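Values in this document were obtained by computation on a predicted structure and should not be read as measured data.
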Amino acid sequence: MKTSNPVVWLTFLIVALALVAASIGLFWQDGGNSFSFVTLRGDTVSIAGRGLYHYDTMLMAIGFKAGDAVTLILGVPVLIFSLLRYQRGSVRGGLLLAGTLAYFLYNYGSMAFGAAYNQLFLVYVVLMSASLFGLILTLMSFDLAMLPAHFSLHLPRRNIGIYEIVAGVILLLIWPGLSIIPALVEGKAPPEVWSYTTVITYAIDMGILAPVLIATGVMLLHRKPLGYLLSSTLLVFTVMLGTNLLTAGTMQLLTGSIDIRQFIGFVASFAILTLFAIWFTLALFRNVSDRISPQDVPSIDVA
């Protein structure tokens, strides 16, 4: 694979800004206190009232702090490690980098669009933009036609493809089934809207992520080169996002922001998907090599 200098510089920028944003979000506290707020819909919600997420609900503020912790402990170290491997022309490093950049794009895109406006808004926008273009350029670094030849015949390709299709279908069904449709029946907005105008996560998951997962799974089952590339990216992305969601859900449960029923309904399902993603990610990286093994070259449909 060919490395790209813009990818290197964009990743350095992401590392620097993510360290600043996550550290401020996680550790900065002022003297404020939480307070009640009546929304435009007449609902009363609890606003954090302190720190960077001063104007976010308590639930969302805890979730954002959990995401900041995951970014510092997992996201940034993996980003640095994968970049160093990518710079050496490693296919494994490039795949890991693509998946990690996809996670940063999702995370800071959600912050830019979904978090209550705060002092780091411009930082979120830059992080989102740098992650988007870094991801695109990283994906373009691969020789797509030859990429499947780097994967061993022992890769559980069929199982990974089926998992991605199932995960996409679950994303399409879980939000309408647990939140949107019940709210429509009752003639009101989903409770997750709280003091916000809409639920950004629902739009991203159902409108973008779910279709990409399903299409990627289908392509992998048909041995399409793009299926190999996107499957690797999405598995790494899912592991990191799942870690974020599980950390946030656990912190929200421990602080009483959600009850055990909500925890099981929203968090446990993603825990199962994350465990499968970890298993398949490990299997994938065990079966991908930086060098092509002629005896392991699969039959590839390049159409």
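Taken from CD1 in Ile24 to CG in Asn118, the straight-line distance is 9.5 Å, to the nearest 0.5 Å. Note: Leu135 CG to Thr233 OG1 = 6.5 Å, rounded to the nearest 0.5 Å. With rounding to the nearest 0.5 angstrom, the CG atom of Leu230 is 4.5 Å from the OG1 atom of Thr216. If you take CG on Leu209 and CG on Leu234, they are separated by 7.0 Å, rounding to the nearest 0.5 Å. Between atom CD1 of residue Ile47 and atom OH of residue Tyr53 there is a gap of 15.0 Å, rounded to the nearest 0.5 Å.
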Enumerate, atom names and distances included, each donor-acceptor pair closer than 3.5 Å involving a side-chain atom of residues 3-19, sequence neighbours excluded.
{"unit_1": "Thr11", "atom_1": "OG1", "unit_2": "Val7", "atom_2": "O", "d": "2.7"}

Which donor-acceptor pairs under 3.5 Å do side chains of residues 164-173 form with protein atoms, sequence neighbours excluded?
{"unit_1": "Glu164", "atom_1": "OE1", "unit_2": "Ser231", "atom_2": "OG", "d": "3.0"}
{"unit_1": "Glu164", "atom_1": "OE2", "unit_2": "Ser231", "atom_2": "OG", "d": "3.2"}

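Counting heavy atoms from C-beta on, the side chains of Leu144 and Pro225 come closer than 4.5 Å. Contact annotation: the side chain of Tyr86 approaches that of Ser141 to within less than 4.5 Å [non-hydrogen atoms, C-beta and beyond]. The shortest side-chain heavy-atom distance between Pro148 and Arg223 does not fall under the 4.5 Å cut-off. Between Leu153 and Asn287, every side-chain heavy-atom pair lies at or beyond the 4.5 Å cut-off. With a 4.5 Å cut-off on side-chain heavy atoms, His150 and Tyr228 do not count as touching. By the 4.5 Å heavy-atom criterion applied to side chains, Thr238 and Tyr163 are counted as neighbours.
Here the closest non-hydrogen pair linking Val91 and Ser289 is CB-O, 4.2 Å. Ser232 and Phe151 make their closest contact through OG-CZ, 3.6 Å (heavy atoms, listed as atom of the first residue, atom of the second, distance). Across all their heavy atoms, Ser131 and Leu101 have their closest contact at CB-O, 3.9 Å. When all heavy atoms are compared, the tightest approach of Ala271 to Leu246 is CB-CD2, 3.4 Å. Between Ala189 and Arg41 the shortest heavy-atom distance is CB-NE, 3.4 Å.
At distances below 3.5 Å, not a single donor-acceptor pair connects side-chain atoms of Arg158 with backbone N or O atoms of Leu221. Without hydrogens or angle criteria, Lys65 side chain to Gly25 main chain gives a donor-acceptor distance under 3.5 Å.
Other residues, nucleotides and ligands contribute over 12 non-hydrogen atoms within 6.0 Å of the CZ atom of Phe280. Crowding of Leu40 atom CG: a count of heavy atoms from other residues, nucleotides or ligands under 6.0 Å not exceeding 12. Within a 6.0 Å sphere centred on CZ of Phe285, other residues, nucleotides and ligands contribute more than 12 heavy atoms.
Remark: Asp290 does not engage Arg88 in a salt bridge, criterion side-chain N to carboxylate O under 4.0 Å.
In summary, the side chains of Asp43 and Trp194 do not present any donor paired with an acceptor at a separation below 3.5 Å, with no hydrogens or angles considered. Judged purely by distance below 3.5 Å, without hydrogens or angles, the side chains of Asp205 and Tyr106 pair a donor atom with an acceptor atom. With hydrogens and angles left out, the side-chain atoms of Thr39 and Tyr196 include no donor and acceptor closer than 3.5 Å.
Proximity of the aromatic rings of Tyr55 and Tyr117 is defined here by a centroid distance below 6.0 angstrom, and this criterion is not met. Taking the six-membered ring where the residue is Trp, the centroids of Tyr103 and Phe237 are separated by 6.0 Å or more.
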Practice prompt. Please test Val218 against His222 for side-chain contact (heavy atoms from CB on, under 4.5 Å), starting from the C-alpha separation and ending with a verdict.
Written response: CA-CA 6 Å; Val218 171; His222 288 85; 3.8 Å; yes

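Hydrophobic cluster of Met251: the remaining members, joined at side-chain heavy-atom separations below 4.5 Å, are Ile62, listed by chain and number.
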